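One structure below.
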Amino acid sequence: MYPMAPLVRTVLNTAARVAPGPAGRAAFHLFVRPLGRARPRPEEQALFAAARTGRLRVRGKDVVTYAWGDGRRPVLLVHGWSSRASRLTAFAEALLERGYSPVAFDAPGHGESPGRASNIIEYRDIIRELHARHGDFEAVVAHSFGVLATHLALRDGVRGGVRGGVRAARLVGLGGVGSFAMLLAGFRAGFGVDDLVVRRMRAHVERWIAPGEAGIWDRLDADGAAAELDLPVLLFHDEEDDMVPVVQGRRLARAHGDRARLVVTRGLGHRRILTDPGVVAEAVEFVTAGSEPEPAVTVPEGGVATG
């Protein structure tokens, strides 16, 4: 439970009944604030010091972007919630060595980008803008919440008439969130708020954050979007992930069907999976070879397994 949860619970639960609009707005602003701002690690600094940095303006917010290489064969790197682009350094370095051009960004309120909050719609629009700048991606490598946002961007890209559609040849997901409903349930449980508070927040999103976007809640679930995507997918998820349960990775693998392969690791958790040499090597080999992954299989006992 969050330190201020009892006070937040009382205020929001009361407000949801007497002031629906302000309650929905307050809940949303709480929901979209990162849990602190991650700092760069020493082993990440050299690569990012050598990056070509830029800025985007998305939904009135400044976004810091990074690019390496000669621009050919771009691969987009998408960080997770309360994280930053530099956490994907190992992938960027390995891709550069293979002649690819990594592209990354810090979402608003994350890394070097200003602000205090972001949301999945902003992630999607940032990915759209980077696609417009760099062209079709050879692949997207995404972590955690970034997997969810990437699915939204790619799903919109295959729907006719959607402005700013994003296209990628392959997708790598690490510790990925498959269900937006899981995030809402975590918010409700973390603060102990009533379901009415969540409904007020959803109404706020529909009116102010995603107006005119029909079926927005159905489109936010990555495992629902997977059926519309026709690309090979490689997923990694640790069975001891304490942030995103491995069941989320299994749901994504099932949703993508025989286009996907799920690698279940042990002992890497939610964060170390981003720097594990075996994970990085297998992911980069998948991206650079462009090979079709094998279908998901049952996880055996002991060791690192696929499943």
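Just so it is clear, the model here is predicted, and its values are computed rather than measured.
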- Message: List the residues meeting ring pair (Phe, Tyr, Trp, His ring centres under 6.0 Å) with H143, not counting sequence neighbours, and say none if there are none.
- Response: H270
- Task: Any ring-ring contact (aromatic ring centres under 6.0 Å, His included) involving residues 221-241? Give me the pairs, sequence neighbours left out, ordered by first then second residue.
- Result: none
- Task: Could you note down all residue pairs passing side-chain hydrogen bond (donor to acceptor under 3.5 Å, both in side chains) where residues 46-57 supplies at least one of them, sequence neighbours left out?
- Result: R57-D62
- Message: Under the salt bridge (Lys or Arg N to Asp or Glu O under 4.0 Å) definition, can you give me all pairs with a residue in residues 97-121, not counting sequence neighbours?
- Response: R84-E112, R98-E285
- Which pairs, with at least one residue in residues 28-37 and sequence neighbours excluded, count as a side-chain hydrogen bond (donor to acceptor under 3.5 Å, both in side chains)? none
- Task: For S101 and R72, indicate whether the former's side chain and the latter's backbone hold a donor-acceptor pair under 3.5 Å.
- Result: yes
Name the atoms and distances for all side-chain donor-acceptor pairs under 3.5 Å in residues 174-187, with sequence neighbours left out.
unit_1: S179; atom_1: OG; unit_2: A181; atom_2: N; d: 3.2
unit_1: S179; atom_1: OG; unit_2: M182; atom_2: N; d: 3.4

- Other cluster members, V18 - Ile/Leu/Val/Met/Phe/Trp/Tyr, side-chain contacts below 4.5 Å: none
- Message: List the residues meeting side chain to side chain contact (heavy atoms under 4.5 Å, CB included) with S82, not counting sequence neighbours, and say none if there are none.
- Response: P34, L35
- Task: Of all the heavy-atom pairs spanning S118 and H110, show the shortest one and how long it is.
- Result: CB-CE1, 4.2 Å
- Do R170 and E138 sit within salt-bridge range, that is, some charged N less than 4.0 Å from a carboxylate O? yes
- Item | Residues in side chain to side chain contact (heavy atoms under 4.5 Å, CB included) contact with R17, at least two apart in sequence or another chain | N13, D194, L196
- Establish, yes or no, whether the cationic atom of R25 lies under 6.0 Å from the six-membered ring centre of W208 and within 45° of the ring axis. no
- Query: Residues two or more places apart in sequence or in another chain: which of them pass ring pair (Phe, Tyr, Trp, His ring centres under 6.0 Å) with F137?
  - Reply: H131
- Query: Is the centre of the H79 ring less than 6.0 Å from the centre of the F105 ring?
  - Reply: yes
- Side-chain donor/acceptor of H151 to backbone N/O of A149, under 3.5 Å: no
- Message: Under the rule for side chain to side chain contact (heavy atoms under 4.5 Å, CB included), what residues qualify as partners of T89, not counting sequence neighbours?
- Response: E44, L47, F48, S86, E93
- Can you name the residues that form a side chain to side chain contact (heavy atoms under 4.5 Å, CB included) with D218, not counting sequence neighbours? none
